[in-house]
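Comments concern the structure below.
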Amino acid sequence: MSYSELVKELKLENRLMAVTRVHAKDEQINDIFGCVYKRFERVLNGETLVLKEGSCSCGGFDHNSGLNDEQPMIPGGFGVFLSHGSDQQWTPPGEKFKCDPATAEAMFAQLPKDVMDGFDAIKFEPYREGMKPDLVVAFVDPDQLSGMLVLHGYNKAAYDAAIATTVSGCASMLRIPFAEMKKEQPRAVITGTDLAQRHFMDENLVALSIAGWEFDHILDITEECYFHSPVFKKIRLRIHKDDAVPEKKFTSLA
């Protein structure tokens with residue numbers, strides 16, 4: 001198992017976040033204002049963030065993360081907000097993410113439910129070698145995403161070992177991966193693509209949310225994967241284009 005090789009080859013230092021469902025009574029709960037995505041850079045740089053229902057001012061966090069399975073309460077209606085909006089007083093403008101309210105509400109109804117398994121808070125912290133979190137979230141550029149997707153699919157025959165969704169940033173990073181982690185073959189989920197939260201992320205990055213035990217499997221294969229194949233040479237050079245790292249020697253039989 002080589003965490004250091006993964007971090008070195010894909011340049012993932014300060015790019016991996018551990019996410020764990022916890023009991024609020026055992027943790028120091030934080031209260032934050034606005035989108036949780038605004039806090040992830042601070043988490044990656046060493047902070048720990050623990051949120052329970054009601055501790056994030058963003059009205060969507062509880063409902064999209066999995067802490068609350070009910071549809072968000074939004075003036076004018078959730079479906080109206082996600083679609084065409086309303087001209088009634090005190091209602092927010094429509095996001096126009098869905099064609100009509102019924103489609104928006106049907107989308108939310110299809111999200112996995114009961115993903116917290118009795119836990120009532122979510123802890124975010126920098127990933128450290130040896131941790132056993134529920135999820136590991138990697139913040140990656142396109143080359144790093146490609147590398148992580150190949151590693152995640154290394155021992156899988158399925159072509160959809162990873163999925164991209166059209167839901168909120170919290171649902172794609174948390175709720176859906178929490179459900180996937182219980183499966184025999186969990187799918188990784190590409191996240192950080194919600195248009196409403198994209199401006200809180202580096203324009204060159206997205207994220208990949210992976211079941212924690214699947215991340216352990218990735219660490220197990222670092223000595224035999226494409227890291228040791230010449231097919232990785234050009235992408236490796238591009239990932240490390242700003243670093244003074246020695247060029248890696250490959251053989252055609254690597």
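Just so it is clear, the values below take in all heavy atoms, side chains as well, and ignore hydrogens, waters and symmetry mates.
- Without hydrogens or angle criteria, E214 side chain to A211 main chain gives no donor-acceptor distance under 3.5 Å.
- Proximity of a side-chain donor or acceptor of R21 to a complementary backbone N or O of A121 within less than 3.5 Å is not detected.
- Taking 4.5 Å as the limit, every side-chain heavy atom of N155 sits out of range of all side-chain heavy atoms of I221.
- When atom types are taken as modelled, the side chain of E125 and the backbone of T48 share no donor-acceptor pair closer than 3.5 angstrom.
- Salt-bridge annotation for E47 and R39: present, with a side-chain N of the basic residue lying under 4.0 Å from a carboxylate O of the acidic one.
- With hydrogens and angles disregarded, a donor-acceptor distance shorter than 3.5 Å links the side chain of D69 to the backbone of D114.
- The neighbour count for E13 CD, taken as heavy atoms of other residues, nucleotides or ligands under 6.0 Å away, does not exceed 12.
- Side-chain contact between Y154 and I218: absent, with no pair of heavy atoms (C-beta onward) separated by less than 4.5 Å.
- From I163, atom CD1 reaches atom CD of E180 across 5.0 Å, with rounding to the nearest 0.5 Å.
- Linking ILVMFWY residues whenever their side-chain heavy atoms come closer than 4.5 Å, directly or via other members, leaves I176 and I190 in distinct clusters.
- V231 and L145 fall within a single hydrophobic cluster, where Ile, Leu, Val, Met, Phe, Trp and Tyr are joined by side-chain heavy atoms under 4.5 Å apart, directly or via other members.
- Listed by chain and number, the residues in a ring-ring contact (aromatic ring centres under 6.0 Å, His included) with F81 amount to none (sequence neighbours excluded).
- No side-chain heavy atom of L82 sits less than 4.5 Å from a side-chain heavy atom of P101.
- Within the 4.5 Å cutoff, no side-chain heavy atoms of M201 are placed close to those of F40.
- Closest heavy-atom contact between A196 and F97: N-CZ, 4.0 Å.
- Around the CD atom of E41, the shell of radius 6.0 Å holds no more than 12 heavy atoms that belong to other residues, nucleotides or ligands.
- There is no path of hydrophobic side-chain contacts, each under 4.5 Å, that joins L205 to I210.
- With sequence neighbours excluded, the residues forming a side chain to side chain contact (heavy atoms under 4.5 Å, CB included) with P72 are H63, I74, F78, F108, listed by chain and number.
- No donor-acceptor pair closer than 3.5 Å links the side chain of N204 to the backbone N or O of D141.
- Remark: D134 does not engage K182 in a salt bridge, criterion side-chain N to carboxylate O under 4.0 Å.
- Using a distance-only test at 3.5 Å, with no hydrogens or angles considered, a donor-acceptor pair links the side chain of S168 to the main chain of A171.
- Aromatic ring orientation, F215 versus Y127: perpendicular (interplanar angle above 60°, classes split at 30° and 60°).
- For the atom pair CD of Q28 and NZ of K123, the computed distance is 10.5 Å after rounding to the nearest 0.5 Å.
- Between the side chain of R15 and the backbone N or O of A138, no donor-acceptor pair lies under 3.5 Å.
- Counting heavy-atom neighbours within 6.0 Å of K156 NZ, excluding the residue itself, gives a total above 12.
- Ring-plane geometry between F232 and Y226 is classed as perpendicular, the angle between the planes exceeding 60 degrees on a 0 to 90 degree scale with a lower cut at 30.
- For A161 against G153, the heavy-atom pair with the smallest separation is CB-CA, 4.4 Å.
- Note on V206: it clusters hydrophobically with I239, by side-chain heavy-atom contacts below 4.5 Å among ILVMFWY residues.
- Sparse packing is recorded around NZ of K52, with 12 or fewer heavy atoms of other residues, nucleotides or ligands lying under 6.0 Å away.
- Residue D143 forms a salt bridge (Lys or Arg N to Asp or Glu O under 4.0 Å) with just one option from K241, K11, R238, and that option is R238.
- For the pair V167 and L111, the minimum side-chain heavy-atom distance is below 4.5 Å.
- Counting all heavy atoms, side chain and backbone alike, T191 lies closest to G169 at OG1-O, 3.4 Å.
- Classification of E5 and K8 as a salt-bridged pair fails, no side-chain N sitting under 4.0 Å from a carboxylate O.
- Residues L151 and C225 approach most closely at CD2-SG, 3.6 Å, considering heavy atoms.
- Side-chain N or O atoms of H228 include one that pairs as donor or acceptor with a backbone N or O of T222 at under 3.5 Å.
- Taken together through direct or relayed side-chain contacts under 4.5 Å among Ile, Leu, Val, Met, Phe, Trp and Tyr, Y3 and F227 form part of one hydrophobic cluster.
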**OP:** Report the C-alpha distance between D216 and K132 in whole Å, list the side-chain angles of each, state the deciding distance to 0.1 Å, and finish with yes or no for salt bridge (Lys or Arg N to Asp or Glu O under 4.0 Å).
**Re:** CA-CA 9 Å; D216 285 344; K132 298 294 181 183; 2.8 Å; yes
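- Between L6 and M148 the shortest side-chain heavy-atom distance falls below 4.5 Å.
- In this structure, the side chains of V19 and M173 stay at 4.5 Å or more apart for every pair of heavy atoms.
- N30 places no side-chain N or O within 3.5 Å of a backbone atom of L51 that could act as its donor or acceptor partner.
- Atom-to-atom distance recorded for S172:OG and Q197:CD is 7.0 Å, nearest 0.5 angstrom.
- With rounding to the nearest 0.5 angstrom, the CG atom of D194 is 8.0 Å from the SG atom of C35.
- Of all heavy-atom pairs spanning V22 and I122, the tightest one is CG2-N, 4.3 Å.
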Original post:
Could you walk me through whether F61 and L67 pass the side chain to side chain contact (heavy atoms under 4.5 Å, CB included) check?
Top reply: CA-CA 8 Å; F61 175 77; L67 288 169; 3.6 Å; yes
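- Taking CZ of F33 as the start and OG of S55 as the end, the distance is 14.0 Å to the nearest 0.5 Å.
- Using a 4.5 Å heavy-atom threshold, the side chains of L16 and P126 count as separate.
- No donor-acceptor pair closer than 3.5 Å links the side chain of N64 to the backbone N or O of C170.
- Atoms OG and CD, from S83 and E105 in turn, are 8.5 Å apart once rounded to the nearest 0.5 Å.
- Applying the 6.0 Å contact sphere to NZ of K234 captures no more than 12 heavy atoms from other residues, nucleotides or ligands.
- Among all heavy-atom pairs drawn from N68 and R175, the shortest one is O-NH2, 2.8 Å.
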